[in-house]
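Just so we're on the same page: letters track the sequence lines, and every chain starts at 1. When reading the values below, keep in mind they use all heavy atoms of this one structure, side chains included, and skip hydrogens, waters and symmetry mates.
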2 protein chains.
Amino acid sequence: MVRAGKLSLDDLKTQLRDADLRATAPRLAVLRCLHEADTPVSHAELADKLAPEGWDRATVYRNLNDLTDAGLARKRDLGDHVWRFELLRASDTHGDAHPHFVCDECGEVSCLPEGSVEIKTTRNTPVRLKERVHEIQLKGRCERCN
Amino acid sequence: MVRAGKLSLDDLKTQLRDADLRATAPRLAVLRCLHEADTPVSHAELADKLAPEGWDRATVYRNLNDLTDAGLARKRDLGDHVWRFELLRASDTHGDAHPHFVCDECGEVSCLPEGSVEIKTTRNTPVRLKERVHEIQLKGRCERCN
DNA sequence: CGCGGATTTGCAAATGAGTTGAAGATGCAA
DNA sequence: TTGCATCTTCAACTCATTTGCAAATCCGCG
Ligand SMILES: [Mn+2]
Ligand SMILES: [Mn+2]
Ligand SMILES: [Zn+2]
Ligand SMILES: [Zn+2]
């Protein structure tokens, strides 16, 4: 079982092979970065971060998609027209993920605790909305920009 | 005052001139379509819709941005990497808009009634989150795809 | 260990939505 | 009407994303 904070190289390799992916060096680097990140990461950010280690943008790009296809990560647009990738973590209980917040002003992304946003049922709310919602995104001003 | 459902050409012209925009034919067409739409509209959709009337994609594009800059419309990404434009309506009370729902499966966009989503404050919710949120986006399966 | 076939990488090039330049057309205030 | 600023059009450009392909590599198997 892979746990946050204490990931050996072997843990990462195991995680990849369990997902039927080869444990190549650039793929391990991408997976490691996703584990280290505490918010979703864009391809551009990750490609820039891994360029010094010698990994190609296209390789990073394909690996992000591979991890997503394999079900290890999710690819999302948090409402600012940027694709971001985030590891699926055990802390996201039902398979439903925690809400995200993006600052209109500075673009900062933050992860909110599960349950901090509630779907209310009012007279004209569509039927069973709550059960149908799998993802919640908020936009506004962050504490710093407010 | 411009009201939904009953917009004469003169109403549209007035709305543009009040916003310091010239009332040109393509601009009136764009504004009319936004009024007729009951969900946010993408540039591609509107350009396709207006092409038969003879209006150019770049003209539609610039007009959507003009209307946005003038404060008549909002430009948003509802979480599916598509820019959509929506008229600012009086029914959006505080300047805060109603929440939106996008279907993961078919891409259908729908507008939800204001107040159908609530920001809950729990022990580890960031401070004053509720006051800082200006926009709420939900994703999931629509009734049809569910 | 070493092989061999399937997967993956790296570089370069294609793609395409989004955006812009520029010349001519149009709106509108005077 | 006229004059000028604004707007439209069409073509061209930008640039992040996505793909093609030959060479490198992974890893199950002998
Ligand atoms: Mn998150
Ligand atoms: Mn709406
Ligand atoms: Zn901010
Ligand atoms: Zn649907």
Side-chain angles (χ1 to χ4, degrees), chain A residues 9-10 12-33 40-70 72-73 75-85 107, chain B residues 9-10 12-34 40-70 72-85 107:
Chain A
L9 192 59
D10 279 339
L12 294 175
K13 287 187 178 177
T14 300
Q15 196 177 12
L16 289 177
R17 293 189 179 129
D18 285 353
D20 286 312
L21 291 173
R22 287 188 177 177
T24 66
R27 189 169 285 159
L28 285 164
V30 168
L31 183 59
R32 174 175 45 77
C33 287
V41 186
S42 71
H43 165 248
E45 287 164 357
L46 202 51
D48 288 349
K49 180 166 181 190
L50 291 178
E53 299 186 27
W55 309 124
D56 189 78
R57 310 177 53 77
T59 301
V60 172
Y61 170 81
R62 287 195 255 232
N63 276 321
L64 284 169
N65 284 328
D66 291 344
L67 294 176
T68 302
D69 293 344
L72 295 179
K75 174 184 184 177
R76 32 177 66 116
D77 179 337
L78 268 22
D80 59 352
H81 228 77
V82 175
W83 287 122
R84 288 190 167 79
F85 297 81
Chain B
L9 192 60
D10 279 339
L12 294 174
K13 287 187 178 177
T14 300
Q15 197 178 13
L16 289 176
R17 293 186 180 131
D18 284 353
D20 286 313
L21 292 173
R22 287 188 177 175
T24 65
R27 188 169 285 159
L28 285 164
V30 168
L31 183 59
R32 174 175 45 77
C33 287
L34 289 183
V41 185
S42 71
H43 165 247
E45 287 164 358
L46 202 50
D48 288 350
K49 179 166 183 191
L50 292 179
E53 299 185 28
W55 310 124
D56 189 79
R57 352 177 339 95
T59 302
V60 173
Y61 171 80
R62 285 195 245 234
N63 277 320
L64 285 168
N65 285 326
D66 291 344
L67 294 176
T68 301
D69 293 344
L72 295 178
R74 285 222 180 143
K75 174 184 183 179
R76 31 175 68 116
D77 178 338
L78 267 22
D80 60 352
H81 226 81
V82 175
W83 287 122
R84 287 190 166 78
F85 297 81

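Note on Thr24(B): every side-chain N or O is 4.0 Å or more away from OP1 and OP2 of dT6(D). When the side-chain nitrogen and oxygen atoms of His43(B) are compared with OP1 and OP2 of dA17(C), none of them lie within a distance under 4.0 Å. Between Tyr61(A) and the phosphate of dT17(D), there is no side-chain N or O to OP1/OP2 separation shorter than 4.0 Å.
The interatomic distance linking Asp80(A) (CG) with dA16(D) (P) rounds to 15 Å, in whole Å. Rounding to whole angstrom units, CG of residue Asp56(B) and P of dA23(C) are separated by 18 Å. Atom CG of Leu21(B) and atom C1' of dC28(C) are 14 Å apart (whole Å). One can place CG of Leu64(B) at 13 Å from C1' of dT19(C), the figure rounded to the nearest angstrom. One interatomic measurement links the two molecules: CG of Leu28(B) to P of dC7(D), which rounds to 12 Å at whole-angstrom precision. Nucleotide dG18(C) holds its P atom 12 Å from the CG atom of Asp48(B), rounded to whole Å. Atom CG of Leu67(B) is separated from atom C1' of dC7(D) by 13 Å (rounded to the nearest Å). Spacing between atom CH2 of Trp55(A) and atom C1' of dT8(C) amounts to 11 Å, rounded to whole angstrom units.
Taken from CG in Asn63(B) to CG in Asp69(B), the straight-line distance is 11.0 Å, to the nearest 0.5 Å.
Toward the 5' end of DNA chain C, the nearer of the two residues Arg57(B) and Asp20(A), judged by each one's closest nucleotide, is Asp20(A). With the nearest nucleotide of DNA chain C identified for both Arg27(A) and Trp83(B), Arg27(A) has the one nearer the 5' end. In this structure, His81(B) and Gly54(B) both approach DNA chain D, and ranking their closest nucleotides by distance from the 5' end singles out Gly54(B).
Among the atoms of the strands shown, only primed sugar atoms or phosphate atoms (P, OP1, OP2) are found under 4.0 Å from some heavy atom of Ala23(B). Nucleic acid contact class of Asn63(A) (heavy atoms, under 4.0 Å, all strands): sugar-phosphate only.
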side-chain contact (heavy atoms from CB on, under 4.5 Å) between Asp80(A) and Asp77(B), worked out: CA-CA 6 Å; Asp80(A) 59 352; Asp77(B) 178 338; 5.9 Å; no
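Inter-residue side-chain proximity for Leu72(A) and Leu16(A) is flagged as met; some heavy-atom pair is nearer than 4.5 Å. Residues Asp48(A) and Arg57(A) form a side-chain contact, since some pair of their non-hydrogen atoms from C-beta on lies under 4.5 Å apart.
Among dC27(D), dG27(C), dT9(D), the nucleotide with an atom closest to any side-chain atom of Arg22(B) is dG27(C). Among the nucleotides dT9(C), dT6(D), dT20(C), the one closest to any side-chain atom of Arg62(B) is dT20(C).
Contact annotation: side chain of Arg17(A) to base of dG28(D), donor-acceptor pair absent below 3.5 Å.
At least one donor-acceptor pair closer than 3.5 Å links the side chain of Arg27(B) to the backbone N or O of Arg22(B).
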